[in-house]
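Along the sequence shown, residues carry numbers from 1. Counting starts at 1 for both ligands and their atoms, following the listed order.
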Amino acid sequence: MSATSAPGGSGKNAPTAEFVRSLPKAELHLHIEGTLEPEMLLALGRRNGVALRCSTAEECRAQYHFDDLQDFLDLYFEGVRVLVGEQDFRDLTTAYLDRVAADGARHVEVFFDPQSHVTRGVPFADVVAGIAGGLRDGEKEHGISWRLIMCFLRDRPVAEAMEMLDLALDHRDVITGVGLDSAELGHPPADFAEVYERARAAGLVAVAHAGEEGPPEYIAEALEVLGVRRIDHGVAAVGDPALQRLLAARGIALTMCPLSNRALQVTPDLSRHPLKELLDAGVLVTINSDDPAYFGGYLLENYLAAQRALGLSRADLVRLARNSLTASLLPEARKAELVAELERVATRD
Ligand code: HPA
Ligand code: ZN
């Protein structure tokens, strides 16, 4: 029996990185601004005359230790200041697609935070043109399909979110959905009920971060009040069996991000991460990278870190990859093609 065909999930029989890389999969929870590697941060800082608190990539990386979500967000919003022109957003996006192509991603659904740019005077249209340009470049170069999802910053005024929605409606050709991110505690999903209602009425797909630092009630509220079709993170579902049954019954995916949860002290010990328990409870769990430049790994590394910490089997990894395709916004026919390819790869040896 080869190492890759081992049924067990740990020790020398663990599924290999090559096996996981070869599985067709989708990344469904990725903040494009969170792919800003220190090298690009410094280069764009120089290009745009933006002063930074670090002057070498090593110095920047040395700052990447976080007490919690807010601690990270402070640095993340400091970093985005180097993104000024359309080309900056295009370069950022192209670099991410080059990187995630090497991890075996076939489809990506990318978040962006327009408020973090528009409030600095960067035109909304430039942000969208740059990211969409990079996504199209990546599609040509690597054959990776994509969707773009605009996130509202939940710790900023609802009226500002409504303004972003107005702007987004002129870019319906590239913006497919809306999400909700930034500081979660004290900012319940229901605050954005009206914004989401308008977004859904305009045909946009709804997702929201919930249950990262916040309670399971925020997950239920995002489902019932915002009408989301996926929950980003959803870690807090682990303590709530009734909620898990609801998620499983409705086929609501959780876009989980193990390295993010470790870095932000949501689950400091990855061997206690709830993703395997939720998977076993029938929830549509997926693995994603969130803000990989800051949290120590891209898509494949998140699969591998979870595999190592939780002893995931080959069957678990195949299921996680399949879930990522199923939970994507791709047309059903394309999902079926990719799932069929996944089954062929998974049973190859
Ligand atoms: N959580 C909430 N908001 C975010 C994150 C995150 O991990 N990354 C970027 N915005
Ligand atoms: Zn996120």
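When non-hydrogen atoms are compared, ligand 1 lies under 4.0 Å from the side chain of His233 (C-beta onward) but not from its backbone. With a 4.0 Å heavy-atom cut-off, ligand 1 is reached by the side chain of His209 but not by its N, CA, C or O.
Between Glu212 and ligand 1, at least one pair of N/O atoms sits closer than 3.5 Å.
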Go through the steps to decide whether His117 and Phe89 satisfy the test ring-ring contact (aromatic ring centres under 6.0 Å, His included), and finish with yes or no. CA-CA 11 Å; His117 312 303; Phe89 289 92; 4.8 Å; yes
Go through His209 and His187 one step at a time and tell me if the ring-ring contact (aromatic ring centres under 6.0 Å, His included) criterion holds. CA-CA 11 Å; His209 283 54; His187 301 285; over 10 Å; no
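Summarising the geometry, atom CD1 belonging to Ile175 is positioned 6.0 Å from atom CE belonging to Met150; distances are rounded to the nearest 0.5 Å.
Close to ligand 1: Ser182, with a non-hydrogen atom less than 4.0 angstrom away. Phe111 does not count as a contact of ligand 1, since none of its heavy atoms falls under 4.0 Å from the ligand.
Every atom of ligand 1 is numbered from 1 in the order shown, and the set under 4.0 Å from a heavy atom of Leu69 is 1 (N), 2 (C), 6 (C). Near Tyr76, the atoms of ligand 1 lying under 4.0 angstrom from a non-hydrogen atom of the residue are 9 (C). Against a heavy-atom cut-off of under 4.0 Å, Phe72 is close to the following atoms of ligand 1: 8 (N).
Of the charged side-chain nitrogens involved, none lies within less than 4.0 Å of a carboxylate oxygen, so that Glu59 and Arg53 do not count as a salt-bridged pair. Ionic pairing of Asp103 and Arg21 is not present here: no N-O contact between side-chain nitrogen and carboxylate oxygen is shorter than 4.0 angstrom.
Metal site remark for the Zn ion (ligand 2): Cys257 contributes no N, O or S atom at a distance under 2.8 Å. Here His233 does not reach the Zn ion (ligand 2): none of its N/O/S atoms is less than 2.8 Å from the metal. The Zn ion (ligand 2) has Asp290 among its coordinating residues (N/O/S atom, backbone or side chain, under 2.8 Å).
Aromatic ring pairs are classed by plane angle as parallel below 30°, tilted from 30° to 60° and perpendicular above 60°; the pair Tyr196 and Phe152 is perpendicular.
Remark: minimum distance from atom 7 (O) of ligand 1 to any protein heavy atom is reached at Asp290 OD2, 2.7 Å. The nearest heavy-atom contact from the protein to atom 8 (N) of ligand 1 is Asp291 OD2, 2.7 Å.
For the pair Arg154 and Phe192, the cation-pi test (distance below 6.0 Å, angle within 45°) is failed.
A distance-only check finds no donor-acceptor pair linking the side chain of Asp316 to the backbone of Leu312 [under 3.5 Å].
Between His29 and Phe111, the ring centre distance stays below 6.0 Å.
Of all the N, O or S atoms in His29, the one closest to the Zn ion (ligand 2) is NE2.
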